Amino acid sequence: DLTQIAARTGTDKWGTHFYTPHYEHHLAHLRDEEFVLLEIGVGGYARDGQGGASLRMWKRYFPHATIVGLDIEDKSFVDRPRITTVQADQTDPEALRGVIERFGVPTVVIDDGSHRPEHILATFEILFPLLPEGAFYTIEDTQTSYWPEFGGAEDPRAPGTTMDFVKALVDGLNHEEFLAPGYE
């Protein structure tokens with residue numbers, strides 16, 4: 001299962017975080033499909049030769065998927081058949097559109113990049129409208145919404161954080177009931 005693969009590859013998606021059971025629950029139906037998975041943030045920061053554990057995990061779990069990792073640092077040492085890394089800023093609209101032109105529209109997007117609200121929101125605003133219905137978009141490490149050193153705020157209701165943005169998306173589920181004219 002995905003958790004076992006995560007443990008073998010050494011990704012923090014299991015152990016540090018406990019994301020893998022949730023990913024497996026929502027993505028297992030894609031296991032034997034051909035599709036593009038885009039993960040923003042390859043890991044290892046600027047340290048040479050570090051990162052890529054989750055890309056290797058995805059490759060093993062999805063044997064027919066194209067796995068693309070986008071990172072601000074050069075992570076080309078991770079490249080293998082079906083895993084390609086792209087060095088780019090996650091907020092660069094041309095770079096993100098270039099990834100889609102090169103690999104196709106992703107069915108799964110995982111934002112594990114900078115964890116900064118302004119980057120997360122910019123990336124979402126670029127990518128989400130380009131995704132097909134039924135695509136899966138996840139934002140990891142939303143706890144940074146409460147950490148000022150990551151652009152968050154100690155107040156859980158503070159505007160401009162990632163969680164503030166997510167809460168607005170949840171409000172949007174009720175858009176047909178809003179009394180505000182012209183709401184988008």
Side-chain angles (χ1 to χ4, degrees), residues 1-33 35-90 99 106-121 123-124 127-128 135-154 156 161-167 169-170:
D1 70 2
L2 187 58
T3 299
Q4 291 171 338
I5 297 169
R8 281 196 303 269
T9 59
T11 177
D12 70 350
K13 291 184 184 348
W14 178 253
T16 303
H17 304 291
F18 296 96
Y19 299 151
T20 54
H22 303 288
Y23 279 127
E24 190 153 31
H25 174 79
H26 291 286
L27 300 176
H29 69 284
L30 296 171
R31 189 94 193 249
D32 295 317
E33 301 294 322
F35 68 96
V36 175
L37 181 147
L38 170 61
E39 183 159 13
I40 298 160
V42 175
Y45 305 98
R47 295 184 295 264
D48 286 341
Q50 293 193 16
S54 63
L55 300 180
R56 291 187 289 274
M57 175 192 74
W58 295 126
K59 178 183 176 179
R60 289 183 187 165
Y61 187 72
F62 296 117
H64 306 292
T66 299
I67 311 300
V68 180
L70 184 135
D71 201 284
I72 199 162
E73 301 291 337
D74 178 11
K75 299 294 179 173
S76 59
F77 69 90
V78 177
D79 293 3
R80 301 281 186 281
R82 292 193 312 106
I83 297 177
T84 305
T85 58
V86 176
Q87 184 176 3
D89 184 311
Q90 75 177 85
V99 167
T107 300
V108 177
V109 175
I110 300 162
D111 187 340
D112 190 16
S114 73
H115 311 318
R116 298 193 62 80
E118 65 271 20
H119 298 161
I120 292 166
L121 275 57
T123 304
F124 184 90
L127 286 178
F128 190 78
F136 186 84
Y137 194 109
T138 185
I139 302 167
E140 292 186 355
D141 301 298
T142 56
Q143 74 275 10
T144 60
S145 287
Y146 315 110
W147 299 350
E149 64 271 21
F150 276 86
E154 292 179 17
T161 68
T162 302
M163 287 307 299
D164 176 57
F165 176 69
V166 171
K167 290 171 188 175
L169 290 175
V170 173

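Please read these numbers as outputs of a predicted model, since none were measured by experiment.
Listed for the Ser145 side chain is a donor-acceptor partner under 3.5 Å among the backbone atoms of Thr162. Looking only at distances, a side-chain donor or acceptor of Asp71 sits under 3.5 Å from a matching main-chain atom of Val42.
Judged as a side-chain hydrogen bond (donor to acceptor under 3.5 Å, both in side chains), and not counting sequence neighbours, the contacts of Ser76 are Asp74. Applying the side-chain hydrogen bond (donor to acceptor under 3.5 Å, both in side chains) criterion to Thr9, with sequence neighbours excluded, gives no partner residue. In this view, Asp79 and Thr85 satisfy the side-chain hydrogen bond (donor to acceptor under 3.5 Å, both in side chains) rule, not counting sequence neighbours. Among residues two or more places apart in sequence or in another chain, the ring pair (Phe, Tyr, Trp, His ring centres under 6.0 Å) test is passed with Phe77 by none. Residues that satisfy the side-chain contact (heavy atoms from CB on, under 4.5 Å) test with Asp89, not counting sequence neighbours, are Ile72, Thr91, Asp92. For His22, there are no ring pair (Phe, Tyr, Trp, His ring centres under 6.0 Å) partners, not counting sequence neighbours. Listed by chain and number, the residues in a side-chain contact (heavy atoms from CB on, under 4.5 Å) with Glu33 are Leu30, Phe35 (sequence neighbours excluded). In this view, Ala135 and Leu131, Pro132 satisfy the side-chain contact (heavy atoms from CB on, under 4.5 Å) rule, not counting sequence neighbours. Gln87 is linked by a side-chain hydrogen bond (donor to acceptor under 3.5 Å, both in side chains) to nothing, counting only residues two or more places apart in sequence or in another chain. In terms of the side-chain contact (heavy atoms from CB on, under 4.5 Å) criterion, residue partners of Glu140 (sequence neighbours excluded) are, by chain and number, Lys13, Tyr19, Tyr23, Ile110, Asp112. Contacts of Tyr146 classified as ring pair (Phe, Tyr, Trp, His ring centres under 6.0 Å), with partners at least two apart in sequence or in another chain: none.
Counting only heavy atoms from C-beta outward, the side chains of Thr123 and Val109 never approach each other to under 4.5 Å. Counting heavy atoms from C-beta outward, Ser114 and Gln90 have side chains that approach closer than 4.5 Å. The side-chain heavy atoms of Pro106 and Tyr137, taken from C-beta on, include no pair separated by under 4.5 Å. Two residues are said to be in side-chain contact when any heavy atoms from C-beta on lie closer than 4.5 Å; Phe165 and Thr142 fail this criterion.
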I'd like a table of donor-acceptor pairs (distance under 3.5 Å, sequence neighbours excluded) in which one partner is a side-chain atom from residues 54-66, with atom names and distances.
{"from": "Ser54", "atom 1": "OG", "to": "Glu39", "atom 2": "OE1", "distance (Å)": "2.8"}
{"from": "Ser54", "atom 1": "OG", "to": "Glu39", "atom 2": "OE2", "distance (Å)": "3.2"}
{"from": "Trp58", "atom 1": "NE1", "to": "Glu39", "atom 2": "OE1", "distance (Å)": "3.0"}
{"from": "Lys59", "atom 1": "NZ", "to": "Pro81", "atom 2": "O", "distance (Å)": "2.9"}
{"from": "Tyr61", "atom 1": "OH", "to": "Glu24", "atom 2": "OE2", "distance (Å)": "3.3"}

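His119 and Asp111 share no donor-acceptor pair across their side chains, judged by distance under 3.5 Å alone.
Atoms CG and CG, from Leu27 and Leu37 in turn, are 7.5 Å apart once rounded to the nearest 0.5 Å.
Residues Glu154 and Pro148 share a closest heavy-atom pair of CG-CG, 4.0 Å. Residues Glu118 and Arg116 come closest through the heavy atom pair OE2-NE, 2.9 Å. For the residue pair Gly10 and Ala53, the shortest heavy atom distance occurs at C-CB, 3.9 Å. Closest approach of Ala6 to Thr20, counting heavy atoms only: CB-CG2, 3.7 Å.
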